[in-house]
Amino acid sequence: MKQGIIIKGVGGVYDVKVGDKIVKCSLRGRLRLEEKRILVGDRVELSYAGDHVVVERILPRERVLTRPPIANIDQVITVFAVESPKPNFLFIDRILVHAELANLSCVVIINKADLNQEKAEELQRYFSKISYATIITSCSSGTGLDQFSDLLDNKISALAGPSGVGKSSLLNAIAPELSLETGGLSARVQRGRHTTRSVSLFSLPTGGYVADTPGFSQLDLELEMETDLQFAFPEFQNYFNLCKFRGCLHRHEPGCAVKDAVESGEIHKQRYEHYLIFLEEIAPLF
Ligand SMILES: Nc1nc2c(ncn2[C@@H]2O[C@H](COP(=O)(O)OP(=O)(O)O)[C@@H](O)[C@H]2O)c(=O)[nH]1
Ligand SMILES: [Mg+2]
Ligand SMILES: [Zn+2]
């Protein structure tokens with residue numbers, strides 16, 4: 001029985017990557033009845049009946065990202081530009097937090113370095129300090145593109161970031177045969193036409209798969225408790241056990257080691273402010 005990976009699904013027809021081919025499949029009736037939602041990234045077993053191919057079985061999933069829905073995802077890659085558009089740090093943190101809560105490893109790409117190399121390095125220091133792996137790239141000069149390509153090698157990744165930062169350009173640079181449209185406008189037009197945005201994976205010649213996503217505009221956190229949010233901020237880890245109160249939310253509690261670390265500059269004020277914004281979203285004070 002052949003195995004493949006679902007890379008796209010529209011109206012009950014699935015594109016499955018099998019070896020180096022893409023095969024159109026439908027689902028075995030039994031699977032359709034089970035209503036187990038099949039996701040891009042799912043590894044499946046196929047059976048062949050003449051030229052008709054059906055998905056027989058979905059193999060057990062490892063990690064799942066729920067928004068956008070991708071099975072067996074290995075990493076989230078946050079992309080932004082040094083300028084044009086200016087980095088939106090709240091949006092970047094939203095993506096990072098979302099990935100952390102899904103227990104996914106996260107890499108930060110600082111693109112358009114050709115526009116301001118100094119700023120790119122400053123941003124790299126900022127994110128490295130929080131403990132994120134970062135890559136400085138430029139589609140114009142070619143900086144960092146080999147590293148970017150290596151990062152995607154043999155993995156399933158989601159590229160997340162706002163429109164215009166160069167996500168499609170980065171993918172075109174390492175896999176020209178994708179010939180993705182760039183410039184941002186076309187993507188917006190397309191979104192207007194299809195109200196439900198379905199995610200699909202691009203298959204890379206080097207063996208990886210990548211989803212080009214607009215980012216996570218909503219932070220619908222699947223948290224058991226509001227005390228879980230602090231775990232999504234790696235640089236808080238050394239402090240929150242030192243807070244005076246167990247269950248400290250690092251908001252207004254006295255003897256808070258996280259707030260002290262913000263005061264002394266060990267934790268970046270902006271990150272703490274974003275923590276408070278997210279906390280307010282999941283656990284409003286009033
Ligand atoms: N200067 C510069 N422009 C870039 C770079 N990467 C992409 N762009 C430009 O930024 C615009 C948006 O790129 P696009 O790939 O469509 O961004 P996306 O919306 O994130 O997919 C396009 O006009 C690109 O030519 C870069 O590294 N440097
Ligand atoms: Mg794009
Ligand atoms: Zn605290």
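Atom set for the values below is all heavy atoms of this structure, side chains included, hydrogens, waters and symmetry mates excluded. Throughout, residue positions are numbered sequentially from 1 according to the sequence presented. When a ligand or atom number is given, it counts from 1 through the structure's own listing order.
Ligand-side atoms of ligand 1 in range of S140: 1 (N), 2 (C), 26 (C), 27 (O), 28 (N), range being under 4.0 angstrom from any heavy atom. Interface atoms of ligand 1 facing S163, defined by a heavy-atom separation under 4.0 Å, are 19 (O). Distances below 4.0 Å separate heavy atoms of D114 from the following atoms of ligand 1: 1 (N), 2 (C), 26 (C), 27 (O), 28 (N). Less than 4.0 angstrom separates some heavy atom of G166 from each of these atoms of ligand 1: 7 (C), 13 (O), 14 (P), 15 (O), 17 (O), 18 (P), 20 (O). Atoms of ligand 1 lying under 4.0 Å from any heavy atom of N111, numbered from 1 in the order shown and given with element: 5 (C), 6 (N), 27 (O). Using a 4.0 Å cut-off to heavy atoms of P162, the atoms of ligand 1 that qualify are 20 (O).
Look at E226 and R251 and you find no salt bridge, because none of the NZ, NE, NH1 or NH2 atoms lies under 4.0 Å from a carboxylate O.
L201 is not listed as a side-chain neighbour of I6, based on a closest heavy-atom distance of 4.5 Å or more. Contact of the Y239 side chain with the K259 side chain is not registered, since no non-hydrogen atoms from C-beta on lie closer than 4.5 Å. Proximity of I110 to V82: side-chain heavy atoms (C-beta onward) are separated by under 4.5 Å at one or more points. Contact check for L151 versus Q75: side-chain heavy atoms found under the 4.5 Å cut-off. Contact annotation: the side chain of I58 approaches that of V44 to within less than 4.5 Å [non-hydrogen atoms, C-beta and beyond].
With a heavy-atom cut-off of 4.0 Å, L115 touches ligand 1 through its side chain alone. Under 4.0 angstrom from ligand 1, the non-hydrogen atoms of V165 come from both its backbone and its side chain. Contact annotation: for S84 versus ligand 1, there are no heavy atoms closer than 4.0 Å. Proximity of D212 to ligand 1, defined as any heavy-atom pair under 4.0 Å, is not found for any part of the residue.
Just one of I92, V165, V108 meets the side-chain contact (heavy atoms from CB on, under 4.5 Å) condition when paired with V79; it is V165. Of the residues listed (Q270, K269, R271), the one engaging E273 in a side-chain hydrogen bond (donor to acceptor under 3.5 Å, both in side chains) is K269, and it is the only one.
The ring-ring contact (aromatic ring centres under 6.0 Å, His included) check on Y126 picks up F89, H268, with sequence neighbours excluded. For F236, the ring-ring contact (aromatic ring centres under 6.0 Å, His included) partners at least two apart in sequence or on another chain are F233, Y275. Listed by chain and number, the residues in a ring-ring contact (aromatic ring centres under 6.0 Å, His included) with Y48 amount to none (sequence neighbours excluded).
For the Zn ion (ligand 3), protein N/O/S neighbours under 2.8 Å (waters excluded) are C243 SG, C248 SG, H250 ND1, C256 SG.
Coordination check, S169 versus the Mg ion (ligand 2): failed, since every N/O/S atom of the residue sits at 2.8 Å or beyond.
Heavy atoms of other residues, nucleotides or ligands lying less than 6.0 angstrom from NZ of K17 number more than 12. Within a 6.0 Å sphere centred on CD of E118, other residues, nucleotides and ligands contribute 12 heavy atoms or fewer.
Checked against a 3.5 angstrom limit, the closest N/O atoms of T182 and ligand 1 fall outside it. Between A113 and ligand 1, no pair of N/O atoms sits closer than 3.5 Å. In terms of polar-atom proximity, T137 is not counted as a contact of ligand 1, lacking any N or O under 3.5 Å from an N or O of the ligand. Polar contact with ligand 1: present for G164 (N/O pair, distance under 3.5 Å). Considering backbone and side-chain atoms alike, S169 places an N or O below 3.5 Å from some N or O of ligand 1.
No heavy atom of A81 sits closer than 4.0 Å to any atom of ligand 1.
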task: Decide side chain to side chain contact (heavy atoms under 4.5 Å, CB included) for F148 and V107; before the verdict, give the C-alpha distance in whole Å, the side-chain angles of both, and the deciding distance to 0.1 Å.
output: CA-CA 10 Å; F148 176 61; V107 180; over 6 Å; no
